[in-house]
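Only heavy atoms go into these numbers, but all of them, side chains included; no hydrogens, no water, no symmetry mates. Here, residue 1 is the first one in the sequence, and each next residue gets the next number.
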Amino acid sequence: MTAARPRAKSRPRPAARPRLNLALQGGGSHGAFTWGVLDRLLDDDGVDISGISGTSAGALNGAVALSGYVDGHEAGGPQQARRQAQQALHDFWRDVSHHGSLFSPLSNPFSNPFGTQGLDAMLGPFGLGTSALMQWGNLLTRSFSPYEFNPLNLNPLKDVLAKHVRVESLHEGCAHCGIPLFVTATSVRTGQARVFSAEELSIDALLASACLPFLFQAVQIDDEPFWDGGYTGNPALYPLIYRTELNDILLVRLNPLEREGTPTRSVDIMDRLSEITFNASLIGEMRAIAFVGRLLRENKLDPGRYKQLHMHMVSDDEGMNGFGPSTKFNTEWVFLEQLRDLGRAAADRWLKDHRADVGVRSSLHIEESFLGRKRQA
């Protein structure tokens, strides 16, 4: 009698609605692109969110979405939670457009005097990079600190966040809905990242994560000053690795890794240096993830102690490269809608191509995308 052949091992099948962690970059009003990504992921044929790590605008998106999700979950369960999270994001960004620029006290004070596209439409594709107004603003921030030109420390973003973020929902999201939120800010004193989560989350923590030091006074939390989290984690990935159970992380990337040409104007040089700085910490974490992943594949590390991560990414460099860095201060509704649509389309493409990869394999080749290495056949 012939012995039965051993049954071939089947690959694990992804869940009907796969779960993953989200890592959300900052980028001023370009965060409306992330709004579009989240809006698509929350659709009925999207994914479930297990944890969120966000910096600056990424943290704001995460906090607003989680606030809506928790409130909807309490009222009607997961499906209503997703609908309410989508509505919360729409209402937040709509309110941002009504308040003018909330990401810089110096940009475009003449919002909407000439119709839906305002002054920016007269000066370029949603930007003020070549305008005398923006040049004057750059000179002012190089010459005076926010303690001098904004001594009262006015920040209209605080009121908008208080309207759209329920801090109790953030705490409940971590405790009851199984969706922890991690918000990164940079300690002025130590230069290290500080990750706020669970009961530490507050409106001030969100403001600290989005505090550009040339534009806003440092945010004081427990007598400690904080600046924008992008300097030390844009976004920080390690909270998702060490403080959640899932192996899948989806990065929503806003900042371009590459730009053609050499900037020659001082403002363009500063803008490119800012992009490089804000990408540095992310590239460092990606390098470490790739290194650990290679050692695990080569059986040189204990898989019981280290995760073999499945990394994914949603981005649209082709669509976003048309918008210069100065457009990160533009909060006019027509621009935010365009960014949202780009984000929804990018997320839709990713879902069609890689939804089945969640829980199975990485869909992002880190070495090629972040470390400049060509993929081996």
Is there a path of hydrophobic side-chain contacts, each under 4.5 Å between heavy atoms, that joins [X] and [Y]?
X: L371; Y: M313; answer: yes
X: Y238; Y: L364; answer: yes
X: M286; Y: L257; answer: yes
X: I203; Y: V96; answer: yes
X: L181; Y: I221; answer: yes

Report the distance from atom [atom1] of [X] to atom [atom2] of [Y], rounding to the nearest 0.5 Å.
X: K328; Y: L254; atom1: NZ; atom2: CG; value: 7.5 Å
X: I366; Y: E368; atom1: CD1; atom2: CD; value: 12.0 Å
X: L351; Y: R349; atom1: CG; atom2: CZ; value: 11.0 Å
X: D43; Y: R82; atom1: CG; atom2: CZ; value: 9.0 Å

Any side-chain heavy atom of [X] within less than 4.5 Å of one from [Y]?
X: W227; Y: T232; answer: no
X: F335; Y: S97; answer: no
X: F291; Y: L301; answer: no
X: H99; Y: V160; answer: yes
X: F323; Y: L339; answer: yes
X: R243; Y: P180; answer: no
X: D302; Y: L296; answer: no
X: F33; Y: V252; answer: yes

Original post:
After noting the C-alpha distance and the side-chain angles of E200 and R194, does the key distance pass the salt bridge (charged side-chain N to carboxylate O under 4.0 Å, His left out) rule?
Top reply: CA-CA 11 Å; E200 299 172 329; R194 164 76 183 273; 3.7 Å; yes
Check whether the side chains of [X] and [Y] place a donor and an acceptor atom closer than 3.5 Å, and report yes or no.
X: Q87; Y: D91; answer: yes
X: H30; Y: T327; answer: yes
X: N234; Y: T55; answer: no
X: N153; Y: K158; answer: no

Subject >> Pair W333 and H90, ring centroids less than 6.0 Å apart >> reply: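 Yes.
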**OP:** Compute the centroid of each ring, for F196 and then for F182, and state whether the two points are separated by less than 6.0 Å.
**Re:**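 Ring centroids of F196 and F182 are no less than 6.0 Å from each other.
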Does [Y] offer a backbone N or O that forms a donor-acceptor pair with the side chain of [X] under 3.5 Å?
X: S187; Y: T190; answer: yes
X: T186; Y: D228; answer: yes
X: S29; Y: N330; answer: yes
X: S369; Y: H365; answer: yes
X: E285; Y: L237; answer: yes
X: H354; Y: D357; answer: no
X: N61; Y: G31; answer: yes
X: Q25; Y: N255; answer: yes

Looking at every heavy atom in both [X] and [Y], which two are closest together, and how far apart are they?
X: H73; Y: A81; value: N-CB, 3.5 Å
X: A236; Y: S53; value: O-OG, 2.5 Å
X: S362; Y: M311; value: OG-N, 2.9 Å

Original post:
Of the options L161, L89, V183, L24, which is the one that meets L60 in a side chain to side chain contact (heavy atoms under 4.5 Å, CB included)?
Top reply: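 Option passing the side chain to side chain contact (heavy atoms under 4.5 Å, CB included) with L60: L161.
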Would you call [X] and [Y] a salt bridge, taking side-chain N to carboxylate O under 4.0 Å as the test?
X: R83; Y: D44; answer: yes
X: D268; Y: R265; answer: yes
X: K352; Y: D348; answer: yes
X: D45; Y: R40; answer: yes
X: D39; Y: R340; answer: no
X: R344; Y: D341; answer: no
X: D317; Y: R253; answer: yes

Listed by chain and number, what are the side-chain hydrogen bond (donor to acceptor under 3.5 Å, both in side chains) partners of [X], not counting sequence neighbours?
X: N247; result: none
X: N21; result: T244
X: S202; result: none

**OP:** Evaluate the side-chain contact (heavy atoms from CB on, under 4.5 Å) criterion for residues T34 and V314: first the C-alpha distance (whole Å), next the side-chain angles of each, then the deciding distance (0.1 Å), finally the verdict.
**Re:** CA-CA 9 Å; T34 303; V314 173; over 6 Å; no
Original post:
Crowded around R297 CZ? As in, over 12 foreign heavy atoms under 6.0 Å?
Top reply: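 Counting neighbours around CZ of R297, more than 12 heavy atoms of other residues, nucleotides or ligands fall under 6.0 Å, so yes.
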Original post:
What do you reckon, is CD of E258 surrounded by more than 12 foreign heavy atoms closer than 6.0 Å?
Top reply: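 No - once you tally the heavy atoms of other residues, nucleotides and ligands closer than 6.0 Å, there are 12 at most.
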Original post:
Yes or no on side-chain contact (heavy atoms from CB on, under 4.5 Å) for V165 and F92, after CA distance, side-chain angles and deciding distance?
Top reply: CA-CA 9 Å; V165 173; F92 168 73; over 6 Å; no
Original post:
Would L246 and H310 satisfy side-chain contact (heavy atoms from CB on, under 4.5 Å), going step by step from the backbone distance to the final call?
Top reply: CA-CA 9 Å; L246 283 189; H310 303 144; over 6 Å; no
**OP:** Report the C-alpha separation of V188 and E224 in whole Å, then their side-chain angles, then the decisive distance to 0.1 Å, and conclude whether the side-chain contact (heavy atoms from CB on, under 4.5 Å) test is met.
**Re:** CA-CA 8 Å; V188 178; E224 190 81 11; over 6 Å; no
Subject >> Under the side chain to side chain contact (heavy atoms under 4.5 Å, CB included) test, residues paired with E172 that sit two or more places apart >> reply: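 Side chain to side chain contact (heavy atoms under 4.5 Å, CB included) check on E172 returns V70, E74, R166, E168, H176.
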**OP:** Apply ring pair (Phe, Tyr, Trp, His ring centres under 6.0 Å) to H171 and list each qualifying residue two or more places apart in sequence or on a separate chain.
**Re:**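 Partners of H171 under the ring pair (Phe, Tyr, Trp, His ring centres under 6.0 Å) test: none.
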Donor-acceptor contacts, no H, no angles, side chain residues 207-220, under 3.5 Å, sequence neighbours left out:
unit_1: S209; atom_1: OG; unit_2: S56; atom_2: N; d: 2.7
unit_1: S209; atom_1: OG; unit_2: T184; atom_2: O; d: 2.7
unit_1: Q217; atom_1: NE2; unit_2: N150; atom_2: O; d: 3.0

